[in-house]
K.L.:
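Sharing a structure with you now.
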Amino acid sequence: MDEQIRNEQQYLDKVMETIKKQIHDVEADSAKRKDEVIHIRKHFWDDLKVNMDTFDDYLETIIGMRQQAQDLSVIESTHKHAYDRLERLKRIEKSPYFGRIDFREEGTDDAERVHIGVATVTDETNENILIYDWRAPISSVYYDYPPGPATYTTPVGTIEGELEKKWQYTIRNGVIESMFDTSLTIGDEILQEVLGQGTNKHMQSIVATIQRDQNYIIRNVHGKLLVVQGAAGSGKTSAALQRIAYFLYKYRDTLKADQIILFSPNNMFSNYVSHVLPELGEENMQQETFQDYLDYRLRDSFQVEDPYDQLEYLLEAERDQEYATRKASIRFKASSSFFDGIRRYRETLESSGMLFRGIKFRGKTIVSAKEITEQFYSEDTSLRFLNRIDKLKEWLLKKIDQVEKAEREKRWVQDEIQLLSKDELQKVFNKLEEDSFQYYDKENQMLARFVVRRRMKSLRKKVEDLAFIHVKKLYKQLFDSSMDDKLWSRGEVPAEWESIRVLTREMLEREELYQEDATPFLLLKELIQGFQSNSSIKYVLIDEAQDYSIFQFEFIKRLFPMARMTVLGDFNQAIFAHSDALTDFDALTGLYGPDETELIRLERSYRSTRQIIEFTRELVPEGEQIKAFEREGDQPVLEVLDDEAELHENIRAKVEDFQRSGAETVAIICKSAAESAAAYEALQGKIDLTLVKKNTEEYQQGVVVIPAYLAKGIEFDSVIIYNASAEVYGEEHLRRLFYTACTRAMHQLHLYSVGEPSPLLGNALEGSMLITQN
C-alpha cells in the first residue's frame, strides 16, 4: 500500500505542478486583459472621430462607436473567462481530486486511469485530461458502480466496459493522507470522516461523497417533474444543489444560472446554501421564497400575512374562538377543490358577475361602473374571455382620448399653462417647427395637449394595467352565499364554510389578506387579467415542498410554463395546517401526468448518528423505513425537571458541556417564536447566545435559540429541545414539528421536560434514549 501511495503522490505532484503553472499563466493573462479593459474604457473616445456634419459622417461615427464597444465587450468577456478559470484553479490547488477509477472500455486491452475532482484539468498540450470534472459522463461510473461491468452515457451513445478498480483519497495541502481501494459506492471511511466533522455556517459541497441514489437525482434529465421524498438528513437538498451544478455543466452552451430558480423556505436557509455553487465554480441561481413573490405581487393591494405568522397563530392561539374556523379555512383553501372552484367562478363571469371600477377625471365620471359592465357583456360572447377584456380596454382608452380632446378647451388648462416651468415649456417648444413660434394658436394647442396628457397619464396607465377591474370585490364575491350552488357540489365545502365566508369577508374589508388567501387571490387575478408567466426560467427547484399546497403547485406550474420542476421534501416534516390537503407527493402526478413525473425516495439518513436516528424514527409513523448510516455517537437523553429555574440552569451547564466536547453550533430549539423569545429572555446573561427570528438573514454559528419551523433544512452539532413536556407538545398535530426539531442534531441530542414528558415520545422512551429524573 505504501508503494501505491508513493506512486499516487508522484502523480499528484505532477498534477499540482501543472495547476501551479497554469495559475501563473492565467494570472498573467488575467492581469493583461484587465489592463486592456481599463485602457479601452479610459481612452474610449481618444481614437474615435466624432463628426455629425453630414449623414455619412454621422454614420461613420456610429459605426466607429459600435466597433469600439464590441472590442471592449470581447476583451471584458475574455477577462471574465480568465478570471473564472483562475478562481477554479485556485480552488483545487491544494486538493485537486478525491477519487479514481480504472476503467477498461469494451474492445480495448488496457484500463484508463480516470482521476475525478471538482473541475477539469488538462496538461500543457491541452490534449490529455489529468482530472475529470465530477459531472463528466465517465465520472458517473465512480458514483454508480462497484468493480465489475459498468456503463455510462455520452452524447454519442452508451459506453460499456469493466470497472477494474475504484479508489478514494483524502488529500490536504497537496499530500495524500489516506487512500482507499473500495468495492462500495462510496467508502464508509471517507463518508464517516465527513459526517463526523462539525457544522459550518454554510452548507458544503458533497461531490466527494455523493451516493448512488443521490447521483441518480443529480443526473436525471427525464420528464417535466422530478419528486424526491427524502428522510431528514438524507442529503436531498445537497443533491438538488449538485443537480443545478450538473445542469450548468451539461447545458453550458444554452443554460445560464439566472434561468434557474430555487424556492427556499426562508432567507436564512437561502444564505446557508448560497456557497455551494460558487464552491463548484458556478454562479448562483436565482433564489427567493414563495412569500417574497406573493409580497411583490400583492404589496400594492393588501397587507399579506406571512406563513410563519400563520403557523405561530396555530401553535399559540388554540383558545381563540376563531381557531377552528381558521384551521378549516387554511385546509380548504389549500386544496385542489378550491383551485377548481376558482376556475369555475372565473367561467361564470363570462355571462354575469363581473365587477368594475368607474373611471373619473378631475372628480367627474368619464365612464361609470355600470356602463363598463354593460359594454363588457355586450361584446361578442364567442370571443375568449381575455380577448373581451382587451377589447374593453381599447374601448375605455378611446373614451379617454375623447375626454382628452374636450378637456383641452377648458379654463383649468389655461391656468396650468401659466404655471409651466421653463424646462416644461422648452420640452413642448422642441416639438414645434422653427417658424411656428409666431403662431400663437398652434403653440397654445401644443401646450394644452401637453398639460392634459400629463394629467391623464396616470389614468391611462391604470386602464392599460386593467385596474378598472375590481379584483378585490370579485374575490369577496366568491364568498357570497349566492355563489354556492354555482361553484360547489354537495359536501365539497367544509362544515365551517359559513363562518369561513364571514371571516374572509371581514378580513378583505380591512384590506388584509390571510396567508391561505394570497395564492387564491392571485390566481383569480391572473385568470381574469391574464397570467404574468415567466418563460425564460428553464428549471424550478422547490425545497421543503411538503410545506406547499397542491393549490400553490398548480399556480407555480402556470407561472413557469416552460420550466422543468424538481420538488424535494419530507412529509414527516410537514408542519403547516394545509399539509393535510396534500398527504403525499403521489398527488403531484396530476401536475404533468404520470409519463412526465418520476418519484424517488431516499430512506437512508446521513446527518445524525445511528443513536439519534434510531430515536427520531420512533417519533413518526412508518419510521422503521428510515435507515441509519452506521456512525456511532452518544445516546439521546431526556431529562425531566421540576421547574423552569432548574431548566435554565441545566441548559447553561449542558451548553458548556457540548462546547467543551467540540460543538461549534448548539441549537436550543423551541416550539414557537413566542417560546423562543421567552427562552432567550431567561437565558440571557447565563449563555452567550443569539435569538433567531423569521427575518434573520444569516445562519449563525455558536449558540442559537430558534423556533423549530425556522430550523428546517439546517443542521447543528448539538441540539437541546427546550421543553419536550406534555404541556408544550401534548397534541398529535405537533408530532411532525417535534420530529423536525429532534432531527436537526448531528452528534448530540438532549431533551428537557418540565413535568410530564410529551406523549409523542411514545416508543422512543422504551430503549432509544437515556432518561434521567430529578
Side-chain angles (χ1 to χ4, degrees), residues 298-303 349-381 383 385-429 431-432 439-478 480 505 508-512 521 524-525 528-530:
L298 297 171
R299 66 184 186 275
D300 296 331
S301 303
F302 293 103
Q303 178 69 38
L349 297 176
E350 296 192 11
S351 56
S352 65
M354 278 294 288
L355 299 171
F356 298 101
R357 290 185 174 93
I359 297 176
K360 294 183 176 182
F361 180 67
R362 300 188 76 244
K364 293 182 180 180
T365 298
I366 296 176
V367 189
S368 68
K370 182 181 178 182
E371 289 174 310
I372 298 175
T373 304
E374 289 173 351
Q375 177 64 24
F376 179 74
Y377 286 113
S378 69
E379 289 286 355
D380 181 359
T381 55
L383 290 173
F385 184 84
L386 294 178
N387 289 343
R388 290 166 67 188
I389 293 291
D390 282 338
K391 289 181 72 69
L392 183 63
K393 179 180 72 174
E394 292 169 7
W395 179 76
L396 288 171
L397 290 173
K398 287 178 181 177
K399 289 283 186 183
I400 290 175
D401 288 340
Q402 293 170 7
V403 172
E404 182 183 315
K405 290 177 183 177
E407 289 293 316
R408 293 175 195 167
E409 306 301 324
K410 300 289 181 65
R411 178 66 193 172
W412 71 268
V413 178
Q414 295 302 315
D415 293 341
E416 286 207 8
I417 288 174
Q418 301 302 317
L419 298 175
L420 290 174
S421 67
K422 289 182 179 180
D423 289 342
E424 290 169 327
L425 287 169
Q426 190 62 47
K427 187 176 181 180
V428 177
F429 293 158
K431 295 180 181 179
L432 291 168
Y439 301 114
Y440 171 80
D441 288 343
K442 187 170 183 180
E443 178 185 322
N444 196 63
Q445 287 170 12
M446 287 288 287
L447 290 170
R449 182 183 178 189
F450 172 79
V451 167
V452 177
R453 179 151 289 222
R454 183 178 64 175
R455 285 288 295 272
M456 299 192 84
K457 183 178 180 180
S458 61
L459 182 61
R460 193 180 293 275
K461 187 177 187 308
K462 286 180 180 178
V463 173
E464 292 278 4
D465 294 341
L466 306 181
F468 58 88
I469 302 174
H470 210 318
V471 183
K472 287 183 182 180
K473 277 192 176 180
L474 283 166
Y475 189 70
K476 189 176 179 182
Q477 182 177 257
L478 173 64
D480 284 352
R505 291 171 67 86
L508 289 168
E509 286 168 4
R510 296 195 303 269
E511 299 286 303
E512 297 174 6
F521 175 86
L524 179 62
K525 184 176 182 180
I528 291 171
Q529 297 184 350

K.L.:
Who passes side-chain hydrogen bond (donor to acceptor under 3.5 Å, both in side chains) against Thr365, sequence neighbours left out?
P.N.:
none
K.L.:
Pick out which of Arg460, Lys399, Arg449 makes a side-chain hydrogen bond (donor to acceptor under 3.5 Å, both in side chains) with Glu404.
P.N.:
Arg460
K.L.:
Counting heavy atoms not belonging to Gln303, are there more than 12 under 6.0 Å from its CD?
P.N.:
no
K.L.:
Using a 4.5 Å cut-off on heavy atoms from C-beta on, say whether the side chain of Lys410 contacts that of Arg362.
P.N.:
no
K.L.:
Does the side chain of Trp412 reach to within under 4.5 Å of the side chain of Val451, using non-hydrogen atoms?
P.N.:
yes
K.L.:
Checking side chain to side chain contact (heavy atoms under 4.5 Å, CB included) for the pair Arg453/Lys457: CA distance, chi angles, key distance, verdict?
P.N.:
CA-CA 6 Å; Arg453 179 151 289 222; Lys457 183 178 180 180; 5.8 Å; no
K.L.:
Can you name the nearest heavy-atom pair linking Ile389 to Ile528, along with the distance?
P.N.:
CG1-O, 3.8 Å
K.L.:
Hey, could you give me the CE/NZ distance between Met456 and Lys461, rounded to the nearest 0.5 Å?
P.N.:
16.0 Å
K.L.:
Can you check whether Met354 reaches Ile372 side chain to side chain, under 4.5 Å on heavy atoms?
P.N.:
no
K.L.:
As a quick check of understanding, evaluate side chain to side chain contact (heavy atoms under 4.5 Å, CB included) for Leu478 and Tyr475, giving each step before the final call.
P.N.:
CA-CA 5 Å; Leu478 173 64; Tyr475 189 70; 3.9 Å; yes
K.L.:
Would you say Lys473 has more than 12 foreign heavy atoms packed within less than 6.0 Å of its NZ?
P.N.:
no
K.L.:
Just so I know, are the side chains of Lys364 and Val403 near enough to count as touching, which here means a heavy-atom distance under 4.5 Å?
P.N.:
no
K.L.:
Drop me the distance from Leu392's CG to Asn387's CG, to the nearest 0.5 angstrom.
P.N.:
12.5 Å
K.L.:
Can you see which heavy atom on Ser301 is nearest to which on Lys472, and at what distance?
P.N.:
O-NZ, 2.8 Å
K.L.:
Nearest 0.5 Å please: distance from the CG atom of Leu396 over to the NZ atom of Lys462.
P.N.:
14.0 Å
K.L.:
Would you check if Lys476 and Leu355 make a side-chain contact, meaning some heavy-atom pair closer than 4.5 Å?
P.N.:
no
K.L.:
Would you give the length of the straight line joining atom CZ of Phe356 to atom NE2 of His470, rounded to the nearest 0.5 angstrom?
P.N.:
11.5 Å
K.L.:
Arg299: which residues meet the side-chain hydrogen bond (donor to acceptor under 3.5 Å, both in side chains) condition with it, sequence neighbours left out?
P.N.:
none
K.L.:
To the nearest 0.5 Å, what is the distance between CD (Gln414) and CG (Leu447)?
P.N.:
8.5 Å
K.L.:
Find out whether Trp395 and Val367 are in side-chain contact, i.e. whether some heavy atom of one side chain is under 4.5 Å from a heavy atom of the other.
P.N.:
yes
K.L.:
Would you say the side chain of Leu466 lies within less than 4.5 Å of the side chain of Lys393, judging by non-hydrogen atoms?
P.N.:
yes
K.L.:
Has Glu409 got more than 12 heavy atoms of other residues, nucleotides or ligands less than 6.0 Å from its CD?
P.N.:
no
K.L.:
Taking all atoms of both residues into account, what is the closest heavy-atom pair of Arg357 and Ile469, and its distance?
P.N.:
NH1-O, 3.5 Å
K.L.:
Would you call Tyr377 and Arg388 a side-chain contact if the rule is heavy atoms closer than 4.5 Å?
P.N.:
yes
K.L.:
Parallel, tilted or perpendicular for Phe376 and Phe385, by the 30°/60° rule?
P.N.:
perpendicular
